[in-house]
Amino acid sequence: MVSAFQDELGGLDPTFLKENSELVENCNQLEWDDINSLNDVVSSVEKVVLRYKNPNQQIKNCLDSILKKILFRYPLLFGYWKKLTAIRYQLFGLEKSIETLSEALELFPASLELWCDYLNVLCANRPNEVEFIREKFMIAKNLIGYQFLSDSFWDKYIEFESKNSDPNSLVDIYKELITIPLHQYARYSTAFKKLLSQNMKNDFNITENDIDKTIKSTQLQVNSIWPFESRIKQSFFNLTPVKQEELENWNNYLEFLISSKSTNINISKKFIDSTFERCFIPCQFYEHFWSKYTGYLISSNENYLKVIETYEKGTKILPKDCKQLRLDFIDYLKKNFKLNKDYIFEVFGRTIAFLNSIWPNETNLIMEYLVMLKRYKYSAELDQTDKEILEKQTAFSNYLNNSIENYLNKNNKFESSLLQSIINDNNISVLVVELIKINWLVLKNTMQTIKYFNQFSKNPIFQNSVSFWLIYYKFEKNCKNFTKLNKFIDQLGTQIILPTQIMNDILDDYKSFYLLKSNISAYQATTTKRLHSNELLNDPILFNSIKCNNPNPNNFSLTLNVSDWHKTVNYKSNGHPGIIVEKPQITNPIMEQTLKSFNNTAPPLPSFRNIEKINHPIKYDDAFSTIYLQESTN
Amino acid sequence: MDPFNSVVSNEKFSKLTLNVINYPKSLEHWENIINYLIDEVSPINKKLDKKLYKLIVTTYESLLFNFPYLENYYIDYGLFEYKLGNISNVHKIFKNGLKVFNQKSVLVWVSYLQLCNEIVTDDKALFKKYEKAEQYIGMHFYSGEFWELYLNLIKERSISKIRYFSMLRKILEYPIYSFSKFYAIWLKEIDNVRDLKQLSLFAPRDELKKKLKIDIKFKSRKGPYLFECKKKLKKITKEMYSVIQFQVLEIYSLFESNLSIQYYVSPDKLIPTSEIEKWEGYIDYSINTRNEQLIEINFQRGLIITANYDAIWIKYSKWLISSQKDLVSAKNILIDGLSMSLKKSKIIKMLFDVLVGLNDYDSLEYILSQMEKFSINIVDIDDFEIFWDFIQFKMFLANNSLKSRYSESQKNSFLPENIFTLILNRLKYEGSKEGQLLLLHYLVQLQDKDNTKIIENKVFKQIIKDNLEYYINDGTFWTLYSQLIYFDPSSSYLEKRRSILNLWKTGVPHTDSVKELLSEFCFKYLPDDIDNLDDLFA
């Protein structure tokens, strides 16, 4: 088994590895989605740190990067950040440990605990850098100051400012503080009043009465959110699924906050944003909350930059199988393209590229990108001159053509682009179809269109492409070319394999088309051959009945040599698909012969096939692992 | 009162006949009336009143006309005539019955042959009947009774012993329900052998010698040698037994044991879908064995049970077409299916195909004209598929009569006037008929070089002019219209784009659903105008 930490452990001294077999073992057995397994790795790292007072640089780096690897994957595990801080303090000293906390806050900015730790460390160790620390307090205030339990932060902040500034700025802090619905809100009104009474001579533009009034409204808010806050049992991130009651509580809570606008409880936008951020700590893998947040932001007319930022975050974090938010994001970008074409085109491009990397089979993505590209770079309004409009279309066609050629010939004859990077075997046909569409319908270049069809239909990549063959079928229908259409229908299901549903639709449509557009003499001319050939009936009308719902029409006919029939999988698994049985048989059967044919002598003795296999255990044809899994890994 | 009048004027009789008239498709009422009549005239003998006889015969005939797949009533009817001594009628009834089942009914055959054993004196003729039955029903899973009859017949009436043994040996190979019975007989026959020479009844001499090392002309002490030889024969029998047992168990456990209905069911009783699916599975299995007799008998068995549903009829005809290339049989099966299946649209469709395949345009024309005659009005028909099939084949036939491809009349018309009128009238029904948008879609699919303007003027513009709201409020209508313009081969890109935008500016209702569909259209064909569309709907 390949260890998750092969790179980290690889270069270490073998004797060290031998001495610390627990660490090696835990690293090798790591399961990324099991928190206990992660805990084992972290605690064995801690043990090693305890054992060696001053290990060599190589070991230090190794231990450090093990933890870092875990934290880059799961930055919300704040406990590990604390451990990393402590370990680095021991291994590398104070500066490095402070740096760790600031690094942690880059990746996990909504963590109250980490902020408090960081600010504590700063105040204790760099008391002279007042401006720097103040700046950090301001940042922290915006990020976590509106969290329900952020009193420890505020205490710290007030303590810092009481030491380092005049009462004026303290009053400003208090003014904001008493409007926030905090768990400890009551404490601050008393403290505030005390501050005022201590500085009677200053005029702060606020009276005790004002404070009482504000506090009353804050109290109302706290009372209204308390039923929800009190039910939050897990406010931290974990790898195990969040409990249903917990999810429901978050949902109700957020629902309540969003709808609070229409009541007399006026909860500030900042607080709502902050609560969403808190919700994303335990619930970051739940698409529902991301959609809720983006929905809320859009409906409250939030600036598009903030909306896009949120969408992008969710898009990156959510598990692969969450589609809705990502599709909504694409939709949002499309709808708001006009707001800032350059910026949105850029975001759109990188989003499509990301999604294409996690969903390589989703061919719609490249189509979305092409349409956006067309709108951004090659669009032409009708009020422009005809020449300009057509120039743009030609340019687009050339661009597509070049990209396709680059991909198919595996070279970079033409300039590469983002489009180039997202093409794969699954979605190349989308490009080809667009190219054909533009040549056929926009540039009206029929000759070129036919040339493209000839060129691409020979390429095996397009042999099973639904969109390619549909456009081909549409084109030939438009040209009323029955010879080509008949040939295409003939190949359908034998050489050109499309999903059964699609084939049914084509067959159905073609029959209609044929009946309405062709005539009896043409029909007779195509079908006379039928009488003399043993091939599948080459018949545009009967084809429909035979091929409909029959993904493999060859199977129906008896063309296969009968003597070899018992060797086929179809025979061996007949009646029990997926289970292969070597069925016993009489190889010289007489049951279909008449009595007379025996000519008054006894019929021959029976001989058998597979008789010794009657009691063999059955074999399963495991298509899942032999075909499906193999294909998906390729 | 004569016996006829006393039966007919009975109040019970009138009640029973009334029921039959009111519910002609309910088997129960028919059975009541037959039972009543038979009860009244029992015991049946030659003294039966002539008028009553006629009444019973007509009742049987009508019953079987209404329910042609009632196997047991052919037998009842035949036995009724047998009791009266009308032998020629007995043959007629059974032969007719067998014809209905394409000779593939074990039940009817076995009863018929039992009777034949008594009434047919000519051995040669009798054997002929058995030989005929064998090729049709020999593979039936429950054909054991038939084989027993056959075997006994040979035993009793054939002079040569070898024929009996050959028959028995042949039956051993059939994977049928009662296979072991015949093995018992075979083994007993081996036990009964007293002389080495008799062994040549079981297999040819040279094979005995080559394969089993049995020498019939063995000279020294014969007793122990015979014992050894019997052992060898039994061993190979056991092997054959295990092969056939495997086959029987496979069929039985996978299919036969799951089938819960074995006889024809009256149309007023529903058959669970699962039962039909089981038959489809069984038939697929049979097809894969590539044993034609088995395939054919199981198709027929499946039909008897599911005759009121279209699935097996269609499957049968498909198999006949693609595997047997037998369009004529397929046609016959479909015509039978048309009369028995309750749902007909798919069968008609298939029948049309087959008739065209056979170049039988007269029959096709005939059926189409019958459809016009018998349905109140083809435009009114609820089943869209039937309507559309009608149009298509009508059109196909019409194409033929328009001999000259370049005549002026065709150039200017997109469809023949009468057919086009049918379609336009159908469209006027708006939402009250199914498949209207599909119909529009089909019309657009017919677009080619010359007809875009006709379709636009006669269909789309007409609908707008007539203000048919069903279409006008539906985005699909507008997408199809836009598509029509976009795919017009005779105008340039710029013209097309302009007329589509113009179309949207006038007349398109500003609803979300319309916008959504038009956006899709833009996405596919006119990405340049996505913003314009947005502005229009803003």
Side-chain angles (χ1 to χ4, degrees), chain A residues 338 371 374-375 379-382 386 389 393 441-444 478 480 509 512-513 515-521 523-524 527 537 539 541-542 544-546 553 556-558 562 565 570-571 574-576 583-586 589-595 598 600-606 608 611 614, chain B residues 131 160 162-163 165-167 169-170 173-174 200-204 207 211-212 236 239-240 242-243 246 250 254 285 288-290 293 318 321-323 325 350 353-354 356-357 359 361 392-393 395-396 399-400 442 445-448 486-487 489 492-494 497-498 501 523 525 527-528 530-531:
Chain A
K338 271 186 288 183
V371 170
K374 180 100 203 309
R375 284 170 78 185
S379 88
E381 286 301 316
L382 264 182
D386 293 2
I389 299 177
Q393 311 293 341
L441 296 165
V442 176
L443 304 174
K444 304 229 116 200
N478 208 281
K480 267 175 104 173
D509 185 83
S512 262
F513 184 76
L515 284 171
L516 295 165
K517 289 283 179 180
S518 187
N519 57 57
I520 291 177
S521 43
Y523 174 72
Q524 282 170 335
T527 52
L537 311 176
D539 184 323
I541 292 173
L542 279 173
N544 184 27
S545 336
I546 301 163
F556 229 138
S557 70
L558 290 166
V562 178
W565 178 233
N570 271 348
Y571 176 80
N574 190 16
H576 32 73
K583 302 187 183 192
Q585 263 184 313
I586 295 174
I590 57 160
M591 66 173 168
E592 282 181 50
Q593 293 176 23
T594 58
L595 269 189
F598 298 137
N600 277 330
T601 49
L605 286 167
F608 310 106
I611 191 159
I614 283 184
Chain B
E131 277 159 26
S160 93
I162 187 86
R163 285 190 75 190
F165 276 90
S166 300
M167 183 45 106
R169 161 73 177 82
K170 177 174 141 156
E173 291 190 0
Y174 279 86
S200 65
L201 290 169
F202 294 88
E207 287 225 353
K211 286 192 182 165
L212 300 182
I236 199 164
E239 284 174 351
M240 181 151 67
S242 58
V243 170
F246 180 92
E250 183 171 270
L254 290 174
Y285 170 85
N288 267 332
T289 62
R290 306 213 159 186
Q293 278 191 19
K318 270 190 186 174
I321 297 167
S322 55
S323 277
K325 311 209 171 12
M350 191 89 190
D353 292 355
V354 171
V356 171
N359 287 326
Y361 305 110
Q392 289 176 60
F393 283 93
M395 192 53 210
F396 188 61
N399 283 346
N400 195 39
Y442 282 141
Q445 290 297 311
L446 293 177
Q447 180 180 24
D448 62 28
Y486 195 73
F487 278 88
S492 76
Y493 169 68
L494 290 163
R497 228 178 120 177
R498 281 195 186 101
L501 275 185
F523 183 75
Y525 302 111
D528 291 10
I530 290 179
D531 291 334

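Here is the naming used below: chain letters follow the sequence lines, and residue numbers restart at 1 for every chain.
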Quiz prompt | chain A interface, residue from B:L201, B:L501, B:I236, B:L212 that has the most non-hydrogen pairs under 4.5 Å | solution = B:I236
Quiz prompt | Pairs of heavy atoms under 4.5 Å with chain A: top-ranked of B:Q293, B:E239, B:M350 | solution = B:E239
Self-check item: A:K583 versus chain B, the contacting section by heavy-atom distance below 4.5 Å
Solution: both
Practice problem: State, with a plain yes or no, whether a side-chain heavy atom of B:Y493 is found less than 4.5 Å away from one of A:L441. | Solution: no
Quiz item: Pick from A:D509, A:L516, A:V371: which one has the most heavy-atom pairs with chain B under 4.5 Å?
Solution: A:L516
Exercise. For residues B:F396 and A:N519, report the shortest heavy-atom separation together with the two atoms involved.
Key: CE1-C, 3.8 Å
Quiz item: Can you tell me how far the CG atom of A:L515 sits from the CD1 atom of A:I520, to the nearest 0.5 Å?
Solution: 10.0 Å
Quiz item: Under 6.0 Å between the ring centres of B:Y525 and B:F487?
Solution: yes
Practice problem: Could you verify whether a donor N or O on one side chain and an acceptor N or O on the other, from A:Y571 and A:Q585, lie under 3.5 Å apart? | Solution: yes
Quiz item: In terms of heavy-atom proximity below 4.5 Å to chain A, should B:K170 be classed as side chain, backbone, both, or neither?
Solution: both
Quiz item: Contact part of A:I586 toward chain B, heavy-atom cut-off under 4.5 Å: side chain, backbone, both or neither?
Solution: both
Quiz item: Do you see a donor-acceptor pair shorter than 3.5 Å between the side chains of B:E250 and A:N574?
Solution: no
Quiz prompt | Contact class of A:S512 relative to chain B, heavy atoms under 4.5 angstrom | solution = both
Exercise. Take A:D386 and B:R497 through the salt bridge (charged side-chain N to carboxylate O under 4.0 Å, His left out) test and state the conclusion after the steps.
Key: CA-CA 12 Å; A:D386 293 2; B:R497 228 178 120 177; over 6 Å; no
Practice problem: Let me know if A:E381 has heavy atoms under 4.5 Å from chain B in its side chain, its backbone, both or neither. | Solution: both
Quiz item: chain B heavy atoms under 4.5 Å from A:I611: which part of the residue, side chain, backbone, both or neither?
Solution: side chain
Exercise. Compare every heavy atom of A:K374 with every heavy atom of B:P527, then report the nearest pair and how far apart it is.
Key: CG-CG, 3.7 Å
Exercise. Identify which part of B:F246 has an atom lying under 4.5 Å from any heavy atom of chain A, answering side chain, backbone, both or neither.
Key: side chain
Self-check item: Top of B:S166, B:S160, B:S200, B:A203 for chain A proximity - count of heavy-atom pairs under 4.5 angstrom
Solution: B:S166
